[in-house]
K.L.:
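My structure is below; once you've seen it, I'll send some questions.
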Amino acid sequence: MLLLPGGSELPENNSEIFDVIFIDGLHEYDQIKKDIDNSLKFLDQEGFIVIHDLLPRNWLEEHVPRLSSTWCGDIWKISFDLLKTENIKFELLLIDFGLGIIKKENKIVKLYNSNLKGKNFEYLVENYQKLPLLNRNELAKYLD
């Protein structure tokens with residue numbers, strides 16, 4: 001398993017393939033796009049990418065730059081990109097500030113860019129129900 005702190009990149013000459021990559025770090029939309037693009041290159045076809053902190057509870061937890069001790073930033077925006085990205089399965093677990101799970105369905109994945117850079121917490125609230133939300137009981141399918 002690879003733990004990828006935000007802003008970290010694997011070296012160009014990396015040859016390792018990972019089963020699970022966990023992303024939790026710099027909570028900014030531009031950075032999470034880079035982290036996911038980088039991770040997809042080194043993810044096993046049967047592997048998963050897990051993203052922490054996709055569901056801020058209020059605008060303070062979402063605001064960039066950081067204003068509160070609990071901070072998710074604006075990485076929630078990547079959820080809407082992942083909804084439109086071909087050749088992946090994306091689900092969002094309603095636990096621990098939202099855990100996103102990405103599973104590749106094809107070797108070639110190009111992350112969709114919906115350009116949500118200017119959107120804020122209100123957009124998330126208005127579009128929350130469009131997300132592929134799973135509750136705690138549905139988590140079991142990932143534990144088999």
Side-chain angles (χ1 to χ4, degrees), residues 1-11 14 16-106 108-144:
M1 177 165 90
L2 172 67
L3 298 175
L4 186 63
S8 298
E9 291 192 25
L10 292 168
N14 177 65
E16 261 188 280
I17 300 297
F18 299 93
D19 297 323
V20 177
I21 298 173
F22 183 79
I23 302 173
D24 184 11
L26 183 59
H27 292 82
E28 295 181 6
Y29 180 52
D30 287 337
Q31 186 61 54
I32 194 70
K33 290 192 300 186
K34 292 176 189 174
D35 290 344
I36 291 171
D37 272 338
N38 193 38
S39 297
L40 285 167
K41 296 174 193 172
F42 303 103
L43 183 67
D44 183 80
Q45 188 60 37
E46 299 298 317
F48 296 91
I49 298 172
V50 180
I51 309 162
H52 189 239
D53 294 329
L54 287 174
L55 292 174
R57 297 171 296 182
N58 56 56
W59 73 270
L60 274 172
E61 291 177 358
E62 184 260 358
H63 192 273
V64 176
R66 183 180 191 157
L67 294 176
S68 69
S69 59
T70 303
W71 189 53
C72 295
D74 64 351
I75 67 167
W76 59 266
K77 296 172 186 176
I78 200 69
S79 299
F80 295 96
D81 290 348
L82 294 169
L83 279 178
K84 295 180 179 181
T85 298
E86 295 179 4
N87 300 323
I88 65 162
K89 180 176 184 177
F90 169 65
E91 295 181 298
L92 185 47
L93 302 172
L94 295 171
I95 58 174
D96 196 31
F97 294 95
L99 286 178
I101 298 180
I102 301 170
K103 172 106 173 76
K104 290 192 328 186
E105 295 180 333
N106 191 310
I108 300 172
V109 176
K110 180 166 174 34
L111 190 59
Y112 182 85
N113 184 4
S114 57
N115 197 19
L116 295 174
K117 195 166 177 79
K119 302 295 183 187
N120 60 22
F121 185 72
E122 186 176 316
Y123 182 91
L124 173 60
V125 171
E126 291 170 358
N127 293 281
Y128 176 79
Q129 292 304 321
K130 294 178 184 175
L131 297 173
L133 305 170
L134 296 179
N135 66 36
R136 184 172 303 217
N137 297 330
E138 296 168 304
L139 171 63
K141 73 180 182 179
Y142 286 101
L143 302 177
D144 290 338

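FYI, the numbering just counts along the sequence from 1. As the structure is a prediction and not an experimental result, all values here were calculated from the model.
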K.L.:
Does N87 use its side chain to pair, donor to acceptor, with the backbone of N106 at less than 3.5 Å?
P.N.:
no
K.L.:
I need the I75 CD1 to E62 CD distance, nearest 0.5 Å.
P.N.:
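Reported value, rounded in 0.5 Å steps: 11.0 Å.
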K.L.:
Return the set of residues passing side-chain hydrogen bond (donor to acceptor under 3.5 Å, both in side chains) with N127 (not counting sequence neighbours), or none when no residue passes.
P.N.:
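Testing N127 for side-chain hydrogen bond (donor to acceptor under 3.5 Å, both in side chains), a comparison that skips the adjacent residues, returns K130.
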K.L.:
Can you see which heavy atom on P56 is nearest to which on G73, and at what distance?
P.N.:
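Smallest interatomic distance, heavy atoms only, reads CG-O, 4.3 Å.
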K.L.:
Considering non-hydrogen atoms only, spot the tightest contact between L83 and P132 and give its length.
P.N.:
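So the minimum-distance heavy-atom pair works out to CD2-CD, 3.4 Å.
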K.L.:
Go through the steps for D35 and L26 under the test side-chain contact (heavy atoms from CB on, under 4.5 Å), then give the verdict.
P.N.:
CA-CA 10 Å; D35 290 344; L26 183 59; 5.9 Å; no
K.L.:
Please name the pair of heavy atoms, one in E138 and one in N135, separated by the smallest distance, quoted to 0.1 Å.
P.N.:
OE1-N, 2.7 Å
K.L.:
Run the side-chain hydrogen bond (donor to acceptor under 3.5 Å, both in side chains) test against K110 and tell me which residues pass, sequence neighbours left out.
P.N.:
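For K110, no residue satisfies side-chain hydrogen bond (donor to acceptor under 3.5 Å, both in side chains) once neighbours in sequence are set aside.
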K.L.:
What distance separates Y112 OH from K84 NZ, expressed to the nearest 0.5 Å?
P.N.:
4.5 Å
K.L.:
Among pairs that include at least one residue of residues 65-78, which meet salt bridge (charged side-chain N to carboxylate O under 4.0 Å, His left out), considering only residues two or more places apart or in two chains?
P.N.:
D74-K77
K.L.:
Is there a side-chain contact between I21 and I102 in this structure, where contact means two heavy atoms from C-beta onward sitting under 4.5 Å apart?
P.N.:
no
K.L.:
Say you draw a straight line from CG of L55 to CG of D96; how long is it, rounded to the nearest 0.5 Å?
P.N.:
10.5 Å
K.L.:
For N115, which residues count as a side-chain hydrogen bond (donor to acceptor under 3.5 Å, both in side chains) partner, sequence neighbours excluded?
P.N.:
none
K.L.:
Measuring from atom CD1 of I101 to atom CD1 of I49, what distance do you get when rounded to the nearest 0.5 angstrom?
P.N.:
11.5 Å
K.L.:
So, taking the atom named CD1 in I36 and the one named CD1 in I23, what distance separates them when rounded to the nearest 0.5 Å?
P.N.:
5.0 Å
K.L.:
Using 0.5 Å steps for rounding, measure from the CG atom of D19 to the CZ atom of F48.
P.N.:
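So the CG of D19 and the CZ of F48 are separated by 9.5 Å.
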K.L.:
State which residues pass ring pair (Phe, Tyr, Trp, His ring centres under 6.0 Å) with H27; sequence neighbours excluded, sorted by chain then number.
P.N.:
W71
K.L.:
Quick one: side-chain contact (heavy atoms from CB on, under 4.5 Å) partners of E126, sequence neighbours excluded?
P.N.:
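Checked E126 against side-chain contact (heavy atoms from CB on, under 4.5 Å); matches are E122.
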K.L.:
If the condition is side-chain contact (heavy atoms from CB on, under 4.5 Å), which residues does Q45 pass it with, not counting sequence neighbours?
P.N.:
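For Q45 the side-chain contact (heavy atoms from CB on, under 4.5 Å) partners, ignoring immediate neighbours, are K104, K107.
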K.L.:
Please list all pairs meeting salt bridge (charged side-chain N to carboxylate O under 4.0 Å, His left out) that have one or both residues in residues 49-58, counting only residues at least two apart or in different chains.
P.N.:
R57-E61
K.L.:
Start with the C-alpha distance between I51 and L82, add both sets of side-chain angles, then the distance that settles side-chain contact (heavy atoms from CB on, under 4.5 Å), and finish with yes or no.
P.N.:
CA-CA 12 Å; I51 309 162; L82 294 169; 4.2 Å; yes
K.L.:
Tell me, please, which residues at least two apart from S114 pass side-chain hydrogen bond (donor to acceptor under 3.5 Å, both in side chains).
P.N.:
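Partners of S114 under the side-chain hydrogen bond (donor to acceptor under 3.5 Å, both in side chains) test: D81.
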K.L.:
Go through the structure and list residues passing side-chain contact (heavy atoms from CB on, under 4.5 Å) with D30, not counting sequence neighbours.
P.N.:
K33, K117
K.L.:
For a ring pair (Phe, Tyr, Trp, His ring centres under 6.0 Å) with F80, tell me which candidate from Y29, F90, Y128, Y123 qualifies.
P.N.:
Y123
K.L.:
Would you check, one step at a time, whether the test side-chain contact (heavy atoms from CB on, under 4.5 Å) holds for H52 with L99?
P.N.:
CA-CA 5 Å; H52 189 239; L99 286 178; 3.5 Å; yes
K.L.:
Under the salt bridge (charged side-chain N to carboxylate O under 4.0 Å, His left out) test, which residues partner E105, sequence neighbours left out?
P.N.:
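Applying salt bridge (charged side-chain N to carboxylate O under 4.0 Å, His left out) to E105 gives none.
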K.L.:
According to side-chain contact (heavy atoms from CB on, under 4.5 Å), who are the partners of I17, at least two apart in sequence or on a separate chain?
P.N.:
D44
